[in-house]
Amino acid sequence: MTNKQQADPRKAGPRPPFPKQRQGAPGAETEMDPPPDYGESSYVGQGRLRGKKALITGGDSGIGRAVALAFAREGADVAFSFVADAESRDAAITASLIRDERRRALAVGVHLEDQRDCHQLIKKTIDELGGIDVLVNNAATQEKSIERFEELTPERIERTFAVNVFALFHITRAALSQMKPGAAIINTASIQAFEPSPNILDYAVTKAAVVNFTKGLSRELIDRGIRVNAVAPGPVWTPLIVQSFDPEEVAEFGKSNPTGRPAQPVELAPAYVFLASDEARFITGEVLAVTGGKFAD
């Protein structure tokens, strides 16, 4: 992003209250009010990823779309996954944004809870782009907020772990055969890894696993010249929010943050660009918190 003057972080994005709204899973960015800012009119690239080939899971909307657009404007070709059929409309928009930057775009509809789809995603990326220099494990599922722990059914727990944790293993394992020294892996964690909310405990626990995965894997892969880091967002205005919480909670989303508002997806993108770029070549095993002042300890 570029600004003519320093922006007050409290006023740099929409603040609650927001219109009351609710969507079914997985949610659509095109139906959110206000629409998230993913950087279309504000992110300015500097060529920091010129010639790179990137794969982003969950790149159709939210943080994933903002990262996909930023990577394209930084010079990378971008493949990304989306939930087959359910997110086709958002995926088409993201692919068009990437192509508008004269970069190659590949949108792959998958169900990441299926190990075979994870492997197909890597195969299609290699066939189209010819390699993977940057892998962003960003896709996640977060289901409806609950009131009591007993509402966490075995089916829900298994699905949350399948998408948020097991797919992380399957995709990374398959991608590593194509990644060379200098490559980077960036995982999306969350403030929830450090301050878990009981009403989405299944999601929070998976994000703690992402942090552990990042730190553990980084120790092995640095011996291959591959860096592994994570970004831990705080509250971000994405479709995940309007399909998880009650309309009353959505209306006040981000209000308790020190900035008084949630982040916009574009405000997360620079962290991913930095960690993907050669500017971060001496950084591995780290978790970069982008939380608006909400501490992730």
Side-chain angles (χ1 to χ4, degrees), residues 23-27 55-64 67 80-87 108-122 135-176 185-221 228-236 238-245 268 285 287 289 296:
Q23 294 187 30
L55 169 60
I56 304 166
T57 64
D60 57 289
S61 64
I63 294 172
V67 174
F80 66 91
S81 74
F82 64 95
V83 177
D85 299 325
E87 296 178 331
V108 184
V110 295
H111 294 285
L112 293 181
E113 60 268 40
D114 187 330
Q115 183 179 343
R116 294 168 298 182
D117 276 20
C118 294
H119 286 277
Q120 280 298 309
L121 173 62
I122 299 300
L135 170 63
V136 179
N137 288 305
N138 171 72
T141 184
Q142 176 180 302
E143 298 196 28
K144 184 179 178 181
S145 175
I146 61 171
E147 294 183 1
R148 292 169 56 84
F149 178 78
E150 290 87 345
E151 295 177 43
L152 289 175
T153 65
E155 294 78 16
R156 169 170 166 165
I157 295 168
E158 290 172 7
R159 170 171 164 72
T160 301
F161 272 79
V163 175
N164 297 7
V165 179
F166 300 157
L168 188 71
F169 279 82
H170 299 320
I171 290 170
T172 302
R173 185 173 183 273
L176 277 173
I185 298 172
I186 308 168
N187 304 315
T188 299
S190 170
I191 188 69
Q192 288 290 325
F194 308 95
E195 294 187 0
S197 297
N199 59 339
I200 50 171
L201 188 57
D202 52 333
Y203 173 85
V205 172
T206 65
K207 290 304 181 177
V210 171
V211 170
N212 193 276
F213 177 89
T214 299
K215 291 182 175 294
L217 187 61
S218 70
R219 293 191 174 188
E220 176 186 343
L221 294 192
V228 187
N229 293 288
V231 176
V236 188
T238 72
L240 205 66
I241 303 308
V242 295
Q243 59 97 47
S244 299
F245 299 114
L268 274 295
V287 180

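Keep in mind that the numbers below use all heavy atoms, side chains included, and drop hydrogens, waters and symmetry copies. Throughout, residue positions are numbered sequentially from 1 according to the sequence presented.
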Expected list for residues 57-64: side-chain donor-acceptor pairs under 3.5 angstrom, two or more places apart:
{"unit_1": "T57", "atom_1": "OG1", "unit_2": "N138", "atom_2": "N", "d": "2.8"}
{"unit_1": "T57", "atom_1": "OG1", "unit_2": "A139", "atom_2": "N", "d": "2.9"}

Taking only residues two or more places apart in sequence or in another chain, which ones pass salt bridge (Lys or Arg N to Asp or Glu O under 4.0 Å) with R159? E113, E143
Residues at least two apart in sequence or cross-chain that pass salt bridge (Lys or Arg N to Asp or Glu O under 4.0 Å) with D117, listed by chain then number, are none
In chain order, what residues pass the salt bridge (Lys or Arg N to Asp or Glu O under 4.0 Å) check against E220, with sequence neighbours excluded? R224
Residues in side-chain hydrogen bond (donor to acceptor under 3.5 Å, both in side chains) with S218, at least two apart? none
Sorted by chain and residue number, the side-chain hydrogen bond (donor to acceptor under 3.5 Å, both in side chains) partners of R156 (sequence neighbours excluded) come out as D202
Examine distances only and state if a side-chain atom of E195 and a backbone atom of Q192 form a donor-acceptor pair shorter than 3.5 Å. no
Could you pull out all residues at least two apart from F161 that satisfy ring-ring contact (aromatic ring centres under 6.0 Å, His included)? none
ring-ring contact (aromatic ring centres under 6.0 Å, His included) contacts touching residues 139-159 (sequence neighbours left out): none
Please list every donor-acceptor pair under 3.5 Å in which a side-chain atom of residues 205-213 meets a protein atom from a residue at least two apart or in another chain.
{"unit_1": "T206", "atom_1": "OG1", "unit_2": "N164", "atom_2": "ND2", "d": "3.1"}
{"unit_1": "T206", "atom_1": "OG1", "unit_2": "Y203", "atom_2": "O", "d": "2.6"}
{"unit_1": "K207", "atom_1": "NZ", "unit_2": "T188", "atom_2": "O", "d": "2.8"}

Mind checking salt bridge (Lys or Arg N to Asp or Glu O under 4.0 Å) for E150 and listing every partner two or more places apart, or none if nothing turns up? R148
In chain order, what residues pass the side-chain contact (heavy atoms from CB on, under 4.5 Å) check against V108, with sequence neighbours excluded? L106, V110, L121, K124
Using side-chain hydrogen bond (donor to acceptor under 3.5 Å, both in side chains) as the criterion, list what pairs up with T153, not counting sequence neighbours. none
